[in-house]
S.K.: 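Just passing along the structure, written as structure tokens.
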Amino acid sequence: MAEAVLALSRLVKSFGALKVTDDVTLDLREGEVHALIGPNGAGKSTLIHEIAGGVRPDSGTIHFCGRDIGALDTAARAKLGLARSFQVSSLLPEFSALRNVMLAVQARQGSSFRFGRPVMRDASLIEPAMAMLEKVGLEDRAVIPAAELSHGERRKLEIAMAMGLHPRAFLLDEPMAGMGPEGSKSLTHFLDGLREEAPILLVEHDMDAVFALADRISVLFYGRIIASGPPHEIRKDPEVQRAYLGERA
Ligand SMILES: Nc1ncnc2c1ncn2[C@@H]1O[C@H](COP(=O)(O)OP(=O)(O)OP(=O)(O)O)[C@@H](O)[C@H]1O
Ligand SMILES: [Mg+2]
């Protein structure tokens, strides 16, 4: 079995009386896409936030590359190579693709966003930013404002921003959201290649994408993992069908 890059053990998180993470144990292994699916409000995004560091679990542990990262903040986790994209786009629409990536690189280098700084002339930012745009195939779109990119191109731009410093794992929250069938297909193909870069924990409602990409699927239902396994097992799991898949058919 491949090594676990990311391992959650017995995570619990409540918002008031609402338990949104209920004893969650799961891992992400080298080379894989592990999909996390479940109905709206199941707690998927919250779990991603707990891993990334924006939300503190009440109990349980998170290990990343063999290290307990529970006490680290979001920036420190990102620096270790935990790359994430957001369910709600974090792009600055009026800025060029290149500038968006440069700001992400700058943020990851430790300094905060400073809009007054002549960021466009900073070669230490341009070079890595261009390299990331090339990795996602957007090098020809570098000067285009983010607002004018297609949906799929924006997703790729977000992933370029998430790439930052040598990602060891990707956390992607609904990258297919709002895309048409053609766009989803193209992004699915892109993510299939991205797993070579680093394994992907993929939260996604698009079941075509999930079943095309995932090596393993975990199903979250009211904060609990009710099933976890290879796609063919998940597809025929009666509890999963009742809780989730059937409802969407
Ligand atoms: N900061 C918060 N304070 C209080 N409740 C919250 C907070 N964040 C999320 N919740 C609640 O926790 C539950 C899980 O939300 P979450 O966003 O994690 O679900 P999700 O599985 O990502 O849903 P979706 O598929 O719609 O994106 C929801 O009932 C939500 O209203
Ligand atoms: Mg969500």
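Atoms within a ligand are numbered from 1 in the order they appear, just like the ligands themselves.
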S.K.: Heavy atom to atom 15 (O) of ligand 1, shortest distance: which of Leu220, Thr46, Ile37 holds it?
M.R.: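 It is Thr46 that holds the nearest heavy atom.
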S.K.: Cationic tip of Arg99 within the cone over Phe95's six-membered ring, i.e. under 6.0 Å and within 45° of the normal?
M.R.: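 Yes, cation above the ring, under 6.0 Å and within 45°.
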S.K.: Short check: any N/O/S atom of Asn40 below 2.8 Å from the Mg ion (ligand 2)?
M.R.: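 No, outside the cut-off.
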S.K.: Ligand 1 versus Leu18, non-hydrogen atoms closer than 4.0 Å: side chain, backbone, both, neither?
M.R.: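 The side chain, only.
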S.K.: Tell me which pairs pass side chain to side chain donor-acceptor pair (under 3.5 Å) where either residue lies in residues 127-148, with sequence neighbours left out.
M.R.: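 Listed by first then second residue: Lys135-Glu197, Arg141-Glu153.
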S.K.: Can you list the atoms of ligand 1 that are under 4.0 Å from a heavy atom of Asn40?
M.R.: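 Listed by number with element, the hits are 23 (O), 24 (P), 25 (O), 26 (O).
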S.K.: If you measure from each heavy atom of His49 to ligand 1, is any distance below 4.0 Å?
M.R.: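 Heavy atoms of His49 never come under 4.0 Å of ligand 1.
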S.K.: For residues Ile200 and Glu32, determine if any side-chain heavy atom of one lies less than 4.5 Å from a side-chain heavy atom of the other.
M.R.: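 The answer is no, as the side chains (C-beta and beyond) never meet within the 4.5 Å cut-off.
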S.K.: Is NZ or CZ of Lys156 both nearer than 6.0 Å to the six-membered ring centre of Phe190 and within 45° of the ring axis?
M.R.: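 Yes; both conditions hold, so Lys156 lies above the ring face of Phe190.
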S.K.: Go through the structure and list residues passing side chain to side chain donor-acceptor pair (under 3.5 Å) with Asp192, not counting sequence neighbours.
M.R.: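 Result, side chain to side chain donor-acceptor pair (under 3.5 Å) vs Asp192: Arg195.
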S.K.: Glu174 heavy atoms, cut-off 4.0 Å: which ligand 1 atoms fall inside?
M.R.: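 Every atom of ligand 1 under 4.0 Å from some heavy atom of Glu174: 25 (O), 27 (O).
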S.K.: Got an N/O contact under 3.5 Å between Gly38 and ligand 1?
M.R.: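 In fact, backbone or side chain, Gly38 has no N or O that close.
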S.K.: So, regarding Val20 and ligand 1 (criterion: nitrogen or oxygen to nitrogen or oxygen, under 3.5 Å), is there a contact or not?
M.R.: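 No - when backbone and side-chain N and O of Val20 are compared with those of ligand 1, no distance drops under 3.5 Å.
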S.K.: Tell me, please, whether Phe211 has Arg235 positioned over its six-membered ring: NZ or CZ under 6.0 Å from the ring centre and within 45 degrees of its axis?
M.R.: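 Positive - Arg235 is close enough to the ring of Phe211 and near enough to its axis.
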